[in-house]
Structures are given as structure tokens and as C-alpha cells.
**Q** 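Got a structure for you, written out below as C-alpha cells; questions coming shortly.
One-based numbering along the sequence shown. Whatever order the structure lists them in is the order used to number ligands and atoms, beginning at 1.
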Amino acid sequence: MKEAKKRFEIYGPNELEESPKKSPLKLFLAQFANVLIFILLVAAGISLLVGDKIEAVVILLIILACGILGFLQEWKADKALAALKEMAAPEAVVVREGKHLKIPAREVVPGDILVLTAGDKIAADVRLVESVNLKIDEAPLTGESIPVTKDASLILPPETPLPDRRNMAFAGTTVINGRGLGLVVATGKATEFGKIAHMLKGVEEEKTPLEKRLAVIGRWLGVLSLIVAAVAAAFGIMRGHSWLEMFLWGVSLAVAAVPESLPAVVTAALAIGVSRMAKRRAIVKRLPAVETLGSTTVICTDKTGTLTKNEMTVKKIWAGDKLFEVTGAGYETQGQILYQGKPVDIFHHPDLYHTLLVGLLCNDARLEDGKFIGDPTEIALLVAGLKAGLKPEAFERVAEVPFDSDRKRMSVVVRERANGRYLVLTKGSLESILDVSSHYQKDNQILPFTSKEKQKLVQITDNLADEALRVMAFAFRETEHMPSQTEIEKDLIFCGLQGMIDPPRPEVREAVKKCKEAGIRVIMITGDYAKTALAIGYDLGIVSERSSGFVLTAKEVETFSDQELKEKLKEVSIFARVSPSHKLRLVKLLKEEGHVVAMTGDGVNDAPALKAADIGIAMGITGTQVAKEASDIILADDNFATIVAAVEEGRTIFDNIKKYMLFLLSFNLSEILVLIAGFLKGLALPLTAIHILWINLVTNGPPALALGVDPPSPDLMKRPPRPPEEGVFTRRLVALITVFSVLIALFLLPVFDYALSSSQSVIFAQTVLFTGFVLMAVAVAYVSRSEYLNIWKFNPFANKWLNLSVLFMVISQVVIVQCPFFNKYLHTVSIPGKWWFILSALALFYLFPAELLKSLITRLFRY
Ligand code: ADP
Ligand code: MG
């Protein structure tokens, strides 16, 4: 361990390029790199030289405050995203001090022993020291698309060209098949991949479609408000205000009208959303996926480990026409094999003995430091063998054909140490074992297979599967000498079946129900047996009946044309005995049907389906590096419920961005409406530049941000998925913004008029209107918390950040109006309590028409 640390110091991290960090200063300055802000700075500068100096200084301070606010927000978002990147960083398995360790790939050092398994993206350049059927895709390095077979035993001359160095494996390439061990000879930039990687540099951070769309909208709003502001300023000049005053005022108006925080809030909402998702164990790799998540209509999920706990225990063994039971729970090796309730001696049942022996030895799981490591299916078989008292040490493995999910079986060749005999041992799905077996064993006899006997086996398997047991079949063959690789899986003797339980995850049932309510279909895609899949699917509520009409096997799928399969897809929710290639076809067809598809996967061959899906979801625990790389999201706990949680977060984020826009745009629009109407009516200037900027600071700031992190509304997962083509600006949202803003203007304009005529003081009337706007913002903020539900249908005070920022808004308003000190700087005068009461009552009363119109609009526009 110490040595590894030392070498890490010497050779540096195993990375190609350290990502340059954005400096906080740059980020801060970027807040002012906006044309409007720039013009405002210029205007304030001119004013500072020749006009109202106090006003200019106050304006500069407000701009600075806005900048700090924006900076804090982006900084936080950046930090959240950086933390996320770390979580999604690749890992590698190395052997250090005799132990297998999973470490971040960047910590691999020269001299480490790297473990290579199918689906790994190799972390460093290695000299192979062990290889079993190792096939590696070196396309990223050599451009050669056919996988290269590697062989650790080769000795090659040093001048061998890169593509022919078959005793080496290189960083950046992927293991397609088999396994191996390699001694790390180069890391980071010193690897062959590192040498060419400068060509791949400059990957840009991806903006999400929403961010892009909002940037465009933001620009339009900018231009629009500039025009409006210019017109308004021209009015002002005609009314006899000075040029300079109106210039500053116009620019302030333009700045206030544009929701300049829009892109930042969206980024922050996304970033905070993804860090919330990470807490719920879904790690987002690509930000755009978050948006897509919210509109997911179908989730295609694996069964084993995702819907189930993946804590397997063998419960039943069928061998030689007898059904045995296995006692003991979990991975405890204490337990017995019973026949009709009585313990049996397995050596009196050769068929049973062989079944257990194959399970024990045709197995890559192992015991390390008292803990089982490996595939849970294999651990269960290992445990069953150990319960029966079998000894793995008595055999030595000499050859193997690894498992892959297309063949659905694996084989090993072992030599019995005591007598030197060779045994071929194969396990896999019943069908795949029957394909390679010519005989079967019953007690001491070896009999040729008849179709009747095979039929019986299918029946037995069905019966076991109906109890939701995962069933594996076992076969063997004795030989005098070592078979060649292609001869291993031939003429085998079937010996028995083992059925294991894999209890469903308790939280999944609830998650499936949630999906149903949210209009999301759940489709189970599994390599397992149809009956087992159906039993579990029924248990979890994925199908409503135990009817075979809801299940299709890969064989059946292959007989259907695309059109027929699309028809079937309307009802069928379980696909069994599926290989990765079928997944791809299902994704494509579902997408053609207009679905937004989330698809899970873990294996090497799952990558195409994961890429094709709208949202590829990789398993964090059992998933291969290749699957993780092809996916948009990684499930840290492999749990289906986590997918649903992520969908929920995705919907929340989108919802919150809309709440924010509803609040901000209706509020900003109302300001413009009041100002223009004021001019048209020939009233005095309703708000000064400072008022406008202040309102902009307190409303576009804290409360808007608080809405960006609003807790989900109660109806969030009761609504159907958002159509993917639907942007943020739905007809409903536009209608709501229009109605809310006109309402505000209708409420506040008469107030200004009355205050002006009753007091004959412009500054008094301005202060009243100014205060009216701020109090109205409180009401609008709460109304905006749901686009669909009326405010009495949910707890309006559930967002503590909003409550706090509203409190801050109101208190600061009281201070700047009632404290003589601030009056001079913020162009205010103190107003009597009567006016505070009137304005508060108005804000409260605003809720009624606003909520009424909300209901009406909800009825008029679905989206
Ligand atoms: P799933 O994870 O959906 O059950 P897999 O592709 O992992 O699907 O497995 C498909 C089938 O392959 C299993 O039902 C089982 O019969 C067989 N199988 C799974 N794991 C192994 C293994 N390690 N060795 C041999 N056969 C296996
Ligand atoms: Mg599996």
C-alpha cells in the first residue's frame, strides 16, 4: 500500500489531462459580461460624472449585489457538478498484497496487477501475465474493429508493431470476452492511448436542450425589453425628464425586465437536482438526461438485482426424478439437503452429487476473508455445494468457456487431483444445456435423451419457476484427456436442476405503483425463464394477472415482424430469455411508437441498447465499465426504485424551472405594464431607476432561486409524462403569465393613481407603488408554486427557502421605507401604517382572482 502511494507520487495520477478548474474570479467577472449590464454600468458611470452621484453609486452597488448572487449560485452549481464527475469516474480492480481491490482508475500505478474481466475498459497499459479466452476491442487505439485475441504466454520481439503485441493490453481498449491479469507498465499520459489522446482533447461541457432554448429566449427577451425601455424612455423625455435621467432609467428597466438569472437558475436547478439524485443513489453522467428523465414514458428494466435483491439461495434441487430441498438461509454454509423431510447422503445419489459438484466448480465466485465475492447466482451454487460437504480443493481448473448472456451457459474443465481424471462441467439455462447434452443421468445410469424426457424437464422447470425460483441446469462429462477448446461443450450428460429464490426488493412494489400513477409503463426484460419472470412480475404488480398473454420469450419475439411486435408491445410487459440484441430492437420499436425509453443494462453487449435508449441506465454494482460508459445514468445501488426516484427528481427539476419562470416573467411583465400604462395615462414616473433595480434584486434574487429548489408538488407523480416535444413555454404557461401580470397591473395602477392624487407627492406615490410591487411579489411567489394545483390543495409554506426569502424581502422593504437613513439613497419616504395595511390586504386579495383564473386555464389548456 505504501509502495503504491510512493509510486503515485512519482508517476502521478493515471489520467490523460487534469481538467482545468474555473477560477472563482473569472466566474465572478463573467456575471457582468452581459450587454445590458454593461450598458447599465456605462450609464451609471456617466451619471457619476455629470449627474446624480448618489443614485449612480447606489445603482452600482445593486449591480454588484446581483453579481455576487449570480456568482454564488453558479459556483455552487459548478461544485455540485464536479462532485458528480468524481462519482461517475471509472474504477479498476487491482491485486495488492494478494487482495482484490476496487480503486478509482486514476490511482492505478505502474507495477499494479490489473484484473481484466469482460466489459472492462482497461485502465492502463499492461503486460499480460494470465489470459483466458481474452478478446479485446482495440478500435479506439488501432481503428481495427475485429477484437484481438490476447495470449499471455507469447514472447514477442521488442520491435513488434502495436496491433500485433498480443501479450499486451492497452489503456482505453475494452475487454469483450474472457478474463486476464496484467502487470501495469504505463499509466496516464505515458500509455499508448495517452500518446494519441491529444487528438481527442477539447471535449466541451454539454449544454442541455433546455439551457440552449432558454438562452435563445433570454436573448429575445433582452431585445424586446430594450425596445420597450427605449420607447418608455422616449415617453419620459417627451414628458420633460432629462436625457441622462431617462437613459439611466431606460437601461435599468431593460435590465430589470430581462430575467438575466434565467440561464443561471436553470443550471443551478439542474445541478442541485442532480446532486439530490446522487443522494438518492442515481448518478447522472450527462446533464441533458435529467430533462429527458422527466418525460420518460417507459422504463425497461432488468429483473435480477434490479427488481430483486440478488441475494440468491438454492432452495430446491431436482435430480434423478427426485425433488430435494435445501435448508438454511442466505450465504450461511450451514444447512442440509433433505428428501421427503429426511437428510440424505449425496454420495448415494450420483445425479445429485454431480449437480452439486458442477454448481460448486463451474463457478467464479470465491470466499475471501470470510466473505463471498462474485455473481450472487454463483455464490448461491457455491454455498449449496459447501452445505453438501463438497471440497473445491480436490479439483484444479484447467480450461474454461466463460459465461455470456447470449449463450446463457458456461463451462469449465477440471482435473481431479486424486486420480488425474478430467471432468467437463457446464451450467446454464435449461434450454442452453439441453442444446449440448446427449444423455442424462438417473441414479447410476447414463441414458440417452428422449424428447419425452426433455419434455418432462421443461415441465419440472415450469413447476419450479411458478414458485418464482430461478432455475439453472447442470451437465458434465468425464474424459481421459484434456479436450480442445471447441470440444468442451459437446455430448454432455445432464444431471439435474437447482432452483434458487431471489426475493423481490420490498421497495420495488411501491415504485411500480408510482409508475402506474405517473403514466409510466414498466417493462421487464430478463435473460431468465419466462415462468420465473412472470411469477416475479405478478408479485411486483408489473402484470395484473399470471397470464402468459403478458409474456413473450425471445424465440417468439424473433418470429414477429416489427409491425406485429409493436402491436404486442401494447400489452406484453415481460420479455424473457432475452439477449442484448433483442433489447436494442425493443428500444427502437418503442421509440418509433413515440415512447421516451429508459433502459437498464449491465453487460458488455448491452452498450448498443443503452446508447439507443433515450436514457441509458447502467448498474453501478454489477455493471461493466462498457455499460457505464454507454449510459447516461448510473444506479449506485442497482435498484429499480432508484430509477423511479430519478424520474421524480427529473420531473421536479422541470417543474421548478417552470415555477421560477412563471413567477419571474409574470412579475417583470407586470412592472412593464404598469410603467407603460402610467405613461399613457400621463401620470408621473411611477418608479425610479433605483426602485426598478431594487425590485429586480430582491425578487429576481432569493425568492426566484428558492422556487428553483422547490419541493415537489403532491401531484407530481400523478400526472402523465410531459410530452418530450413540449418546451418550457407551453400555452398554459404563457396564458398564466399573461393573466397574472395583467392582474398585478390592474391591482397596482389604481393604487398609484390614488396615492398620487391624494398626497400630491410623486415620491410618496412612488414609494407606495414600490412597496406594493414587493408585497405583490410575495403573493405571486406562492401562487407560482404550482402551475396545476390551487394554493389550498397543498401546503404553500413547504419551501422554507421561499419563506425565508419572502421574509427577507418584506423586512428589507420595511427598513428601506421606514428608516430615514435609507430614504435618501433609495428614493423613498416613509408611508403611514394605513398604506401598509392596504397594500398587504391587496396582495392577499390578489390570491383569489389569480387562483380562480388558474383553475380556468388548467381546464382550457392541457399543456
Ligand atoms: P438476468 O440477469 O436477467 O437473469 P442473465 O443474462 O444474467 O439474465 O442470465 C440469463 C440466464 O443465463 C439465467 O437465467 C441463467 O439461466 C443463465 N446464467 C446466468 N448466470 C449464469 C452463470 N454465471 N453461469 C451460467 N449460466 C448463467
Ligand atoms: Mg444477470
**Q** Do any nitrogen or oxygen atoms of Met472 come within less than 3.5 Å of a nitrogen or oxygen of ligand 1?
**A** no
**Q** How would you list, by chain and number, every residue that makes a ring pair (Phe, Tyr, Trp, His ring centres under 6.0 Å) with Phe324, sequence neighbours excluded?
**A** Tyr339, His349
**Q** Looking at Arg477, Arg409, Arg407, Lys490, which hits side chain to side chain contact (heavy atoms under 4.5 Å, CB included) with Val436?
**A** Arg409
**Q** Does only the side chain of Asp375 get under 4.0 Å from ligand 1, or the backbone, or both, or neither? Count heavy atoms.
**A** side chain
**Q** Kindly confirm or rule out an N or O of Thr377 lying under 3.5 angstrom from an N or O of ligand 1.
**A** no
**Q** Determine whether a donor-acceptor pair (N or O, by modelled atom type, separation under 3.5 Å) exists between the side chain of Glu91 and the backbone of Ala105.
**A** no
**Q** Do the side-chain N and O atoms of Thr117 and Asp120 include a donor-acceptor pair separated by under 3.5 angstrom?
**A** yes
**Q** Short N/O distance, under 3.5 Å, between Lys303 and ligand 1?
**A** no
**Q** Give yes or no for whether the N/O distance cutoff of 3.5 Å, strictly under, is met between Ser405 and ligand 1.
**A** no
**Q** Does a side-chain heavy-atom distance below 4.5 Å link Leu457 with Phe449?
**A** yes
**Q** Who pairs with Tyr529 by ring pair (Phe, Tyr, Trp, His ring centres under 6.0 Å), at least two apart in sequence or on another chain?
**A** none
**Q** Below 3.5 Å, N or O to N or O, backbone or side chain included: is there any such pair between Thr304 and ligand 1?
**A** yes
**Q** Relative to the heavy atoms of Gly428, which atoms of ligand 1 are at a distance of less than 4.0 Å?
**A** 16 (O), 25 (C), 26 (N)
**Q** What do we get for Thr526 next to ligand 1 when only non-hydrogen atoms under 4.0 Å count, side chain, backbone, both or neither?
**A** both
**Q** Give yes or no for whether the N/O distance cutoff of 3.5 Å, strictly under, is met between Arg409 and ligand 1.
**A** no
